[in-house]
Amino acid sequence: MATRCRIAPSPTGPLHIGTARTALFNFLFARHVGGTFVLRIEDTDVARSTLGNERDILEGLHWLGITWDEGPEVAGQPARGPYGPYRQMQRLDLYRTASDRLLSEDKAYPCYCTPDELAADRAAQEATHQPPRYVGRCAHLTAEQRRAREAEGRRPAVRFRVGEGVVAFDDLIRGHVEIDTTALGGDLVIVRSNGTPLYHFTVCVDDAAMAISHVIRGEDHLSNTPRHILLFRALGADVPTFAHLPLILNADRSKMSKRKSQTAIDDYRAEGFIKEAIVNYLALLGWSPGTEEEIFSLEQLGERFELERVHSGGAVFDRERLEWLNGQWIRRLPDEDLVERVLPYLVTRLEERRAEGATVHMPSGDDIVPLLPLVRERLPLLGSIADLVDFLFVDELAVEPALLVPKRWDVATTAAALGDARQVIADVGSISFEADELEAGLRALVDARGWKAGDLFMAIRVAITGRTATPPLFDTLVALGLERALARLDAAREALEDLT
RNA sequence: GCCCCCAUCGUCUAGAGGCCUAGGACGCCACCCUUUCAAGGUGGAGAUCAGGGGUUCGAAUCCCCUUGGGGGCACCA
């Protein structure tokens with residue numbers, strides 16, 4: 001039997017961290033065993049599903065490099081795979097056929113209960129501390145009773161007979177699990193009274209129809225599994241193998257949610273997390289290689305990943321660790337690649353500056369390449385580029401005068417020192433404007449005056465960048481250029497006059 | 001309430017009876033490097049393996065109970 005697994009996202013929200021992780025594990029599993037990875041859209045919740053969400057999910061997965069072997073048509077690309085269509089709303093006739101069959105075999109029955117009746121049942125059960133459960137009012141109606149209800153104009157839902165007994169299965173991650181059907185809440189609705197099918201039913205019909213051999217999903221579905229097994233059996237289908245992944249948790253250890261955590265992949269992407277880091281981090285959330293390695297590309301993960309090495313406890317999402325991995329991966333990117341990824345963030349910052357009225361020089365990739373050695377080790381996020389180099393591309397530099405004065409110096413000393421430094425820099429610049437030359441000249445000045453190098457360098461740093469934390473000073477001077485460096489030093493001295 | 005799952009440093013985890021006076025990583029602290037910030041290097045604090053019973057010559061590892069946490073119990077997915 002061919003190994004086939006799937007991710008079945010519901011377009012009721014943008015791509016969620018948890019969905020991405022489940023997709024990743026399915027993808028890696030398929031890669032590792034040479035199986036087929038299927039993507040199916042579960043859009044039967046028409047009220048909440050949107051096309052925008054669907055696009056966000058598909059694009060997000062694609063961006064991460066999680067590609068599927070079979071799936072629906074997207075953006076001009078035709079659907080792929082022999083089991084289509086891969087959108088549930090296009091498979092309604094299949095569910096209809098399946099439910100008709102269950103109905104005719106009396107494995108399911110029409111239920112005429114009204115929402116009010118069901119709510120009353122539940123309230124009564126709650127009052128007596130009973131678990132919620134369908135009371136079975138319509139389970140054994142005679143043909144005549146059904147006709148009577150139809151005559152009243154009631155539209156029936158379809159309920160699946162759960163039956164009695166214990167359902168057992170062997171979960172690849174959790175081992176042997178047994179659940180008594182009495183704990184299942186009674187017969188479940190598989191088709192709404194408006195004719196649209198429900199999740200528990202559609203997953204089983206589709207997994208069966210698409211010959212899914214391995215269902216790898218979140219632990220939140222563990223309790224639903226017996227219901228699914230019963231449905232597979234009723235449908236006359238093979239029961240797939242299950243593997244329930246540990247949940248990703250909020251800091252308080254509850255299931256990760258939008259309320260308590262940042263859950264949209266796209267938000268992380270916008271901040272400047274790169275796909276390599278996200279994939280790497282997500283894989284390590286629940287899976288471990290069993291060695292002390294931790295930097296893995298998507299391809300390497302595919303080689304190493306095994307469900308047997310997924311452990312069963314939930315995992316708190318740790319943004320600090322993600323950031324660390326992000327820095328690791330950013331350091332590993334080739335120059336051209338890094339430039340391309342970082343440029344949009346710089347441009348966005350500069351556009352903001354321009355909107356504020358600043359004169360801005362929009363950089364091209366070629367302008368960024370020489371800066372790479374200065375910033376590469378300083379980028380926890382792609383977006384961090386802006387704070388590091390924006391002052392190179394903006395004419396107006398807002399310098400806080402007080403910042404110019406090092407702790408050990410007073411205003412007069414600082415002003416004089418900046419004047420001396422200006423002279424040295426101008427002299428060096430007239431010959432060759434290079435980092436080594438600048439450093440030698442300025443250190444000589446420091447020695448001649450008996451200063452601490454750090455004091456002079458900090459004063460210059462603030463004068464030319466407006467900041468106290470920057471890439472290395474001499475490289476920054478070179479990147480700025482002689483003329484602008486001198487101009488900023490002059491402006492700084494003028495600013496100091498206001499302090500006296 | 002009922003059912004199911006889970007339980008090793010703050011966090012992610014290694015550990016599948018003796019190799020564990022529990023290893024790694026993130027974060028944290030210190031030192032080194034150093035013009036700032038990073039990065040890197042070295043060292044450190046940090047887990048009586050939730051608690052209690054067993055089984056065994058021997059248990060973080062197996063069993064049971066307790067506790068704690070989580071998930072599920074919709075005409076949501």
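Because only heavy atoms are used, hydrogens play no part in the values below, and waters and symmetry mates are left out as well, while side chains stay in. Order of the sequence lines sets the chain letters (A, B, ...), proteins ahead of strands, with each chain counted from 1.
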Discussion item. So A/Gly286, base contact, sugar-phosphate only, or nothing? Heavy-atom distance under 4.0 Å.
Written reply: sugar-phosphate
Worksheet item: Between B/C73 atom P and A/Leu222 atom CG, what is the distance in whole Å?
Response: 12 Å
Discussion item. Students often get this wrong, so: under 4.0 angstrom with heavy atoms, is A/Arg227 touching a base, only sugar-phosphate, or nothing?
Written reply: sugar-phosphate
Worksheet item: Does the ring centre of A/Tyr109 sit less than 6.0 Å away from the ring centre of A/Phe160?
Response: no
Worksheet item: Contact class for A/Phe474 vs. all strands (heavy atom < 4.0 Å): base, sugar-phosphate, or nothing?
Response: base
Practice prompt. Return the nucleotide paired to B/A7: Watson-Crick means purine N1 to pyrimidine N3 with N6-O4 or O6-N4, wobble means G-U with N1-O2 and O6-N3, both under 3.5 Å.
Written response: B/U67
Item to complete: Scan A/Ala183 against the nucleic acid and name what it touches under 4.0 Å (heavy atoms): base, sugar-phosphate only, or nothing.
Response: sugar-phosphate
Worksheet item: If we take the P atom in both B/G58 and B/G53, what is their distance in whole Å?
Response: 15 Å
Fill in: A/Glu42 and A/Arg87 ion-paired at < 4.0 Å
no
Practice prompt. State whether A/Arg253 places a side-chain N or O below 4.0 Å from either non-bridging phosphate oxygen (OP1 or OP2) of B/U11.
Written response: yes
Worksheet item: Could you state the CG-C1' distance from A/Leu371 to B/A38, rounded to the nearest angstrom?
Response: 16 Å
Item to complete: Can you establish whether the number of heavy atoms outside A/Arg467 located under 6.0 Å from its atom CZ is more than 12?
Response: yes
Worksheet item: Taking only N and O in the side chain of A/Arg443, is any of them less than 4.0 Å away from OP1 or OP2 of B/U34?
Response: no
Discussion item. Could you tell me how far apart A/Leu325 (CG) and B/U11 (P) are, to the nearest whole angstrom?
Written reply: 18 Å
Item to complete: State whether A/Arg309 places a side-chain N or O below 4.0 Å from either non-bridging phosphate oxygen (OP1 or OP2) of B/G15.
Response: yes
Worksheet entry | OP1 or OP2 of B/A14 under 4.0 Å from side-chain N/O of A/Ser288 | yes
Discussion item. When the C1' atoms of B/U56 and B/C63 are compared, how many Å lie between them, rounded to an integer?
Written reply: 12 Å
Worksheet, complete the sentence: Rounded to whole Å, CZ of A/Arg87 lies from C1' of B/A77 at a distance of 17 Å
Worksheet item: Angle class for the A/Trp287/A/Phe296 ring planes (parallel below 30°, perpendicular above 60°, tilted otherwise)?
Response: perpendicular
Discussion item. Let's test this: given Watson-Crick or G-U wobble pairing with both distances under 3.5 Å, identify the partner of B/G1.
Written reply: B/C73
Practice prompt. Salt-bridge test for A/Glu293 and A/Arg304: reply yes if a basic N is under 4.0 Å from a carboxylate O, no otherwise.
Written response: yes
Worksheet item: Taking the C1' atom of each, how far is B/A60 from B/G71, in whole Å?
Response: 26 Å
Fill in: Phosphate-side-chain proximity, A/Thr468 and B/C37, N/O vs OP1/OP2 below 4.0 Å
no
Discussion item. With a cut-off of less than 4.0 Å, is there a side-chain N or O of A/Gln328 near OP1 or OP2 of B/A38?
Written reply: no
Worksheet item: For B/C75, does OP1 or OP2 lie under 4.0 Å from any side-chain N or O of A/Arg159?
Response: yes
Worksheet, complete the sentence: Closest non-hydrogen contact found for A/Phe273 with A/Ile278 is CB-CD1, 3.9 Å
Fill in: Rounded interatomic separation in angstrom, taking CG from A/Leu379 and P from B/G40
13 Å
Fill in: Side-chain N or O of A/His311 closer than 4.0 Å to phosphate OP1/OP2 of B/U13
yes
Discussion item. Once you apply a heavy-atom cut-off of 4.0 Å, does A/Thr225 come out as touching a base, just sugar-phosphate, or nothing?
Written reply: nothing
Discussion item. So A/Ser193, base contact, sugar-phosphate only, or nothing? Heavy-atom distance under 4.0 Å.
Written reply: base
Discussion item. Let me spell it out: for each of A/Gln130 and A/Arg461, pick the nucleotide of RNA chain B with the closest heavy atom. Which residue's pick is nearer the 5' end?
Written reply: A/Gln130
Worksheet item: In whole Å, what separates the P atom of B/C57 from that of B/A14?
Response: 31 Å
Item to complete: Select base, sugar-phosphate, or nothing to describe what A/Arg331 touches, counting heavy atoms under 4.0 Å on all strands.
Response: sugar-phosphate
Worksheet item: How far does the P atom of B/G24 sit from the matching atom of B/G1, given to the nearest Å?
Response: 43 Å
Worksheet entry | Length of the line joining A/Glu126:CD and B/C73:C1', which is rounded to integer Å | 12 Å
Item to complete: Could you tell me whether A/Pro115 contacts a base, only the sugar-phosphate backbone, or nothing, with contacts defined as non-hydrogen atoms closer than 4.0 Å?
Response: nothing
Worksheet item: Going by atom types alone, do A/His221 and A/Glu219 pair a side-chain donor with an acceptor below 3.5 Å?
Response: no
Practice prompt. Using the P atom on both, measure B/G51 against B/C28 and round to a whole Å.
Written response: 29 Å
Discussion item. Taking the P atom in each of B/C3 and B/A74, what is the distance between them to the nearest angstrom?
Written reply: 16 Å
Worksheet item: Are A/Arg6 and A/Asp206 close enough for a salt bridge, meaning some N to O gap below 4.0 Å?
Response: no
Discussion item. For B/A16, give the paired nucleotide (Watson-Crick: N1-N3 plus N6-O4 or O6-N4; G-U: N1-O2 and O6-N3; both under 3.5 Å), or none.
Written reply: none
Item to complete: Using a cut-off of strictly less than 4.0 Å, decide whether A/Arg192 has a side-chain nitrogen or oxygen near OP1 or OP2 of B/A77.
Response: yes
Worksheet item: Are OP1 or OP2 of B/G72 and a side-chain N or O of A/Lys255 less than 4.0 angstrom apart?
Response: yes
Worksheet item: With respect to the phosphate group of B/U11, does any side-chain polar atom (N or O) of A/Arg319 fall under 4.0 Å of OP1 or OP2?
Response: no
Worksheet item: In whole Å, what is the span from the CH2 atom of A/Trp324 to the P atom of B/G24?
Response: 14 Å
Item to complete: Please measure how far the P atom in B/A22 lies from the corresponding atom in B/A47, and state the result in whole Å.
Response: 11 Å
Fill in: Greater than 12 external heavy atoms within 6.0 Å of A/Glu164's CD
no
Item to complete: For A/Leu247, report the nucleic acid contact type (base, sugar-phosphate, nothing); a contact means any heavy atom under 4.0 Å.
Response: sugar-phosphate
Worksheet, complete the sentence: Rounded to whole Å, the NE2-P distance (A/His244 to B/C5) equals 12 Å
Worksheet entry | First encountered from the 5' end of RNA chain B, between A/Thr182 and A/Ser223 | A/Thr182
